[in-house]
Asker: 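Quick one: this structure, given as structure tokens, is what I'll be asking you about.
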There are 2 protein chains.
Amino acid sequence: MKIGELAKRSGLTAHTIRYYERIGLLPYADRDRSSRRDYDPSILVWIEFLGRLKTTGMPIRDMLLYAELRDRGSGTEAERRALLERHRESVRARVDELNACLLVLDTKIGGYAETEQRMKDYDATLPERRRKPVGARSARTR
Amino acid sequence: MKIGELAKRSGLTAHTIRYYERIGLLPYADRDRSSRRDYDPSILVWIEFLGRLKTTGMPIRDMLLYAELRDRGSGTEAERRALLERHRESVRARVDELNACLLVLDTKIGGYAETEQRMKDYDATLPERRRKPVGARSARTR
DNA sequence: TCTTGACTTAGAGCGCGCTCAAACTCGTAG
DNA sequence: CTACGAGTTTGAGCGCGCTCTAAGTCAAGA
């Protein structure tokens with residue numbers, strides 16, 4: 001598989017794939033006779049996992065640590081596991097943090113909802129012909 | 001309250017407070033006779049809310065939109081609410097994404113746990129004097 | 001044979017969100 | 001009076017993670 005094909009399948013750009021190889025996140029790819037990279041499809045599994053680490057906010061320097069352990073192969077399982085367990089904890093903490101913020105957002109949005117309700121109630125007390133047209137906004141709101 | 005005090009109380013650095021003012025995230029602060037910023041403690045509430053937006057991954061350019069609506073005051077509530085509702089959706093999506101990744105991490109970590117268990121089982125089949133010392137690691141693991 | 005387009009490399013550039021530096025002004029304590 | 005520490009401004013610099021450019025190679029199709 002050439003780099004363009006891998007790019008399509010992985011969702012990365014060819015630029016990014018080369019960049020990842022340069023920094024050591026992807027193993028050095030075998031080249032064909034004209035020095036083009038030729039990939040085994042199994043690389044997709046690794047790229048997908050790297051994507052998970054990235055999605056969960058792991059910095060590249062930590063992914064590199066993991067990639068190095070992986071390259072060293074057997075004997076590094078305990079370290080790899082420990083690294084992932086530490087990361088999992090940080091992701092859980094992040095989820096908790098986001099959920100806490102969601103509660104604050106709910107409250108804030110609820111406050112605006114109340115404001116709107118009070119405005120509707122107020123409008124309803126006005127004589128028919130003085131009510132604001134539906135969808136009306138204040139002049140400054142453009 | 002001077003900027004140093006506000007920095008302490010808000011958790012931002014004085015540098016960052018000035019930067020936020022420069023870009024419009026914080027309102028222009030009143031200066032005392034010797035042009036030092038003098039803050040009303042109520043600014044802390046706003047800074048804390050900005051912190052929530054930041055924590056939840058809102059880019060500064062969007063916080064600026066919200067800050068501008070806030071500055072314009074009444075008549076912008078519906079827009080502010082809509083902005084926060086859109087943001088809340090993106091945060092919820094992010095939480096879902098993180099939870100999905102957590103499942104993958106669980107599986108991966110579970111795989112390493114199995115490997116370790118198989119190694120322990122294997123060690124247990126060896127004669128007493130040939131067992132690895134507790135905590136032993138393979139030579140390459142340094 | 002010629003052209004096209006996908007690839008190669010090394011290295012420069014970019015957008016984000018700060019973070020720091022330089023040169024200066026004040027107000028207060030010793 | 002002097003020295004210090006905390007503040008002021010403008011603008012440069014930084015770390016991250018890409019993203020793009022330039023100049024070149026190569027293979028396949030018209």
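Side chains are part of it too, since the values below use all heavy atoms of this structure and drop only hydrogens, waters and symmetry mates. Below, read A as the first sequence line, B as the second, and so on, with proteins coming before strands; counting in each chain starts at 1.
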Asker: Measure from CD1 on A:Ile3 to C1' on C:dT9 and round the result to the nearest Å.
Answerer: 12 Å
Asker: I would like to know whether B:Glu21 and B:Arg37 meet side chain to side chain contact (heavy atoms under 4.5 Å, CB included); could you show each step before the answer?
Answerer: CA-CA 11 Å; B:Glu21 180 182 305; B:Arg37 291 171 180 79; 2.9 Å; yes
Asker: Can you check whether A:Thr76 reaches A:Asp71 side chain to side chain, under 4.5 Å on heavy atoms?
Answerer: no
Asker: Nearest 0.5 Å, what's the CG-CG distance between B:Leu98 and B:Leu103?
Answerer: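 It is 11.5 Å, given to the nearest 0.5 Å.
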Asker: Round to a whole Å and report the spacing from OH of B:Tyr20 to C1' of C:dC18.
Answerer: 8 Å
Asker: Quick one: B:His15 NE2 to C:dA22 C1', roughly how many Å, whole number?
Answerer: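 In whole Å, C:dA22 C1' lies 12 Å from B:His15 NE2.
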Asker: To the nearest Å, how far apart are A:Leu6 CG and C:dC7 C1'?
Answerer: 14 Å
Asker: Reading DNA chain D 5' to 3', which nucleotide is the first, and which the last, to come under 4.0 Å of any heavy atom in chain A?
Answerer: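 Contact boundaries, 5' end first: D:dC16 to D:dA27.
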Asker: Starting at atom CG of B:Leu12, determine the distance to atom P of C:dC20, rounded to an integer number of angstrom.
Answerer: 14 Å
Asker: Looking at A:Arg81 and B:Gly111, would you say the former's side chain and the latter's main chain have a donor-acceptor pair under 3.5 Å?
Answerer: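 Absent.
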Asker: Between B:Gly4 and B:Arg22, just flag the one whose closest nucleotide in DNA chain D comes earlier from the 5' side.
Answerer: B:Gly4
Asker: Verify, without hydrogens or angle tests, whether A:Ser35 (side chain) and A:Arg31 (backbone) share a donor-acceptor contact under 3.5 angstrom.
Answerer: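 It does not hold such a pair.
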Asker: With rounding to the nearest 0.5 Å, note down the distance linking CD1 in B:Ile17 to CG in B:Leu25.
Answerer: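 Output value for this atom pair is 12.0 Å.
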Asker: Quick one: does any side-chain atom of A:Glu77 pair with a main-chain N or O of A:Gly75 as donor and acceptor, under 3.5 Å?
Answerer: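 Looks like yes, one N/O pair under 3.5 Å.
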Asker: Donor-acceptor pair, B:Arg52 side chain versus A:Leu102 backbone, under 3.5 Å?
Answerer: no
Asker: Near DNA chain D, which residues from residues 30-47 of chain A have a heavy atom under 4.0 Å away?
Answerer: A:Ser34, A:Arg36
